[in-house]
A.B. asks: 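First, the structure itself, so that you have it in front of you.
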There are 2 protein chains.
Amino acid sequence: MMTEPTPAASQPVEDGAKQRIFRAAEALVAEHGFEAISTRDIVAAAGVNIAAVNYHYGTKTKLMLDIFRTRAAELNRERTRLLRIATETQPGDARAILRALIEPPTLWISDDRRVALRFLNRARSEGPLEVRETIRTDVRHLRRFVDALAAALPALPRDELLWRFHFALGVLHHNQAADYARLAILSDDACAPDDRAALLRRLLDFIAGGFGLPPAA
Amino acid sequence: MMTEPTPAASQPVEDGAKQRIFRAAEALVAEHGFEAISTRDIVAAAGVNIAAVNYHYGTKTKLMLDIFRTRAAELNRERTRLLRIATETQPGDARAILRALIEPPTLWISDDRRVALRFLNRARSEGPLEVRETIRTDVRHLRRFVDALAAALPALPRDELLWRFHFALGVLHHNQAADYARLAILSDDACAPDDRAALLRRLLDFIAGGFGLPPAA
DNA sequence: TCCCGTATCAAACGCGTGTTTGACATGGGC
DNA sequence: GCCCATGTCAAACACGCGTTTGATACGGGA
């Protein structure tokens with residue numbers, strides 16, 4: 001008798017107005033983008049009065065910041081955990097480091113955290129200035145991966161490493177974003193991101209190949 | 001004595017109100033995004049009256065569509081030309097095909113068509129529905145590359161090929177978009193996309209590696 | 001019982017938006 | 001000289017935006 005059955009996402013189980021606003025705003029931004037939705041859209045989806053946003057969050061922008069920080073922290077925590085495991089159990093294995101970077105967002109795509117992931121991507125590209133400035137926090141987080149890769153690939157010059165890391169993030173972000181539409185059309189619906197394991201393998205193979213790593217065992 | 005000195009971009013040389021609106025809107029969207037700019041911002045930058053946008057283009061959205069179609073056609077034309085050359089002079093060379101895909105947008109980054117390129121990316125991700133729907137046109141264009149790659153890599157299953165193509169487009173788009181900022185911070189400003197030839201080589205190496213191709217000769 | 005912090009509500013405020021209007025200027029064709 | 005198509009202009013339109021207000025309800029502690 002501890003909690004409600006199961007929360008839809010990793011939000012607190014209580015379902016007060018504040019949480020409903022949080023989740024409605026996250027879902028709407030994930031689907032329609034930052035500028036396309038209004039405070040009135042949010043409160044309509046959340047089933048609360050329009051003044052509730054400002055009462056609980058002060059400002060629409062502060063609400064977005066709150067969502068962003070919550071979700072970014074969740075993602076970074078999971079990645080950091082996997083990175084620690086990788087460097088401890090498979091020291092020097094660059095592929096394992098890349099896997100720690102890639103696996104969390106890729107698995108999120110196919111469960112109920114897909115919404116959180118798409119929100120994060122929207123925020124990074126379209127979000128208000130206050131949101132985009134927190135990218136500097138992300139950089140501190142990503143540097144751990146760069147350093148781990150540098151240690152695992154001592155022969156690779158640092159600028160080459162950084163460029164390839166930059167390209168790898170491009171693949172990741174693109175994959176989290178909207179446009180499976182184009183892939184679906186190109187493939188006559190033969191390619192869909194349903195099979196999590198296969199998607200993760202393909203992503204890891206592609207990025208590891210881009211880093212010049214030999215194919216997996 | 002044929003034309004004015006040199007047009008800033010590949011627009012007609014005449015500099016009437018219509019062209020000034022075109023270029024001002026393109027530049028503003030490239031820098032600030034689709035929803036962030038208003039008709040009044042555009043006419044202020046273009047030095048024309050506010051009614052000029054609706055007089056010449058009918059609607060703000062139609063203006064954006066006009067810019068998008070113009071620039072997309074330019075990019076696709078250039079890519080198609082390179083693809084034809086590649087398949088004629090280096091038949092069966094997958095790397096040459098990828099180069100035809102990658103080279104035009106990569107070179108645009110470092111000349112005065114950077115604005116056009118960033119507009120195209122903004123449009124694809126944030127643009128109004130009418131703009132994003134023209135992605136289907138792009139798909140017809142991209143299919144030529146998929147088919148050429150399939151012919152050059154007969155051993156690669158089509159679904160694997162399509163996924164890797166999807167990933168490759170991710171790298172490309174990410175690279176055309178805003179965020180060299182993160183790379184600059186990560187590298188302490190050691191990595192900048194100034195050197196066109198080096199950027200093109202790095203991109204091509206990464207994507208060819210992702211396709212499992214051996215390093216270039 | 002009274003009180004006060006918490007929360008919700010309908011209504012409104014001021015402002016910026018995309019678009020439209022109607023007047024006015026220009027200039028080549030008859 | 002007149003006409004009409006082509007542009008340009010200041011002003012205004014209706015509307016949606018984020019935010020604020022002031023009233024009202026609830027509910028546990030003194």
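Naming: A, B, ... by sequence-line order, numbering from 1 per chain.
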A.B. asks: Among all residues two or more places apart in sequence or in another chain, which pass the side chain to side chain contact (heavy atoms under 4.5 Å, CB included) test with B:Arg136?
C.D. replies: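 Side chain to side chain contact (heavy atoms under 4.5 Å, CB included) check on B:Arg136 returns A:Ile185.
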A.B. asks: Is the shortest side-chain N to carboxylate O distance from B:Asp159 to A:Arg202 below 4.0 Å?
C.D. replies: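 Yes.
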A.B. asks: What pairs with B:Ala73 under side chain to side chain contact (heavy atoms under 4.5 Å, CB included), at least two apart in sequence or on another chain?
C.D. replies: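 For B:Ala73 the side chain to side chain contact (heavy atoms under 4.5 Å, CB included) partners, ignoring immediate neighbours, are B:Arg77.
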A.B. asks: Counting neighbours of CD on B:Glu130 that are heavy atoms of other residues, nucleotides or ligands and sit closer than 6.0 Å, is the number greater than 12?
C.D. replies: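 Yes - once you tally the heavy atoms of other residues, nucleotides and ligands closer than 6.0 Å, there are more than 12.
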A.B. asks: Could you encode protein contacts along nucleotides 6-19 of chain D as a string, one character per nucleotide from 5' to 3', using B for base contact, S for sugar-phosphate-only contact and - for no contact, with a heavy-atom cut-off of under 4.0 Å?
C.D. replies: SBBBBBB----BBB
A.B. asks: Take atom CD of A:Glu35 and atom P of C:dG18, then tell me their distance rounded to the nearest Å.
C.D. replies: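 Nearest whole value for this atom pair: 12 Å.
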A.B. asks: Can you tell me how far C1' of C:dT17 sits from CE of B:Met64, to the nearest Å?
C.D. replies: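 Checked: the CE to C1' distance equals 13 Å.
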A.B. asks: When you look at B:Phe165 and A:Phe206, which way does the ring-ring contact (aromatic ring centres under 6.0 Å, His included) test go after all the steps?
C.D. replies: CA-CA 10 Å; B:Phe165 191 74; A:Phe206 187 89; over 10 Å; no
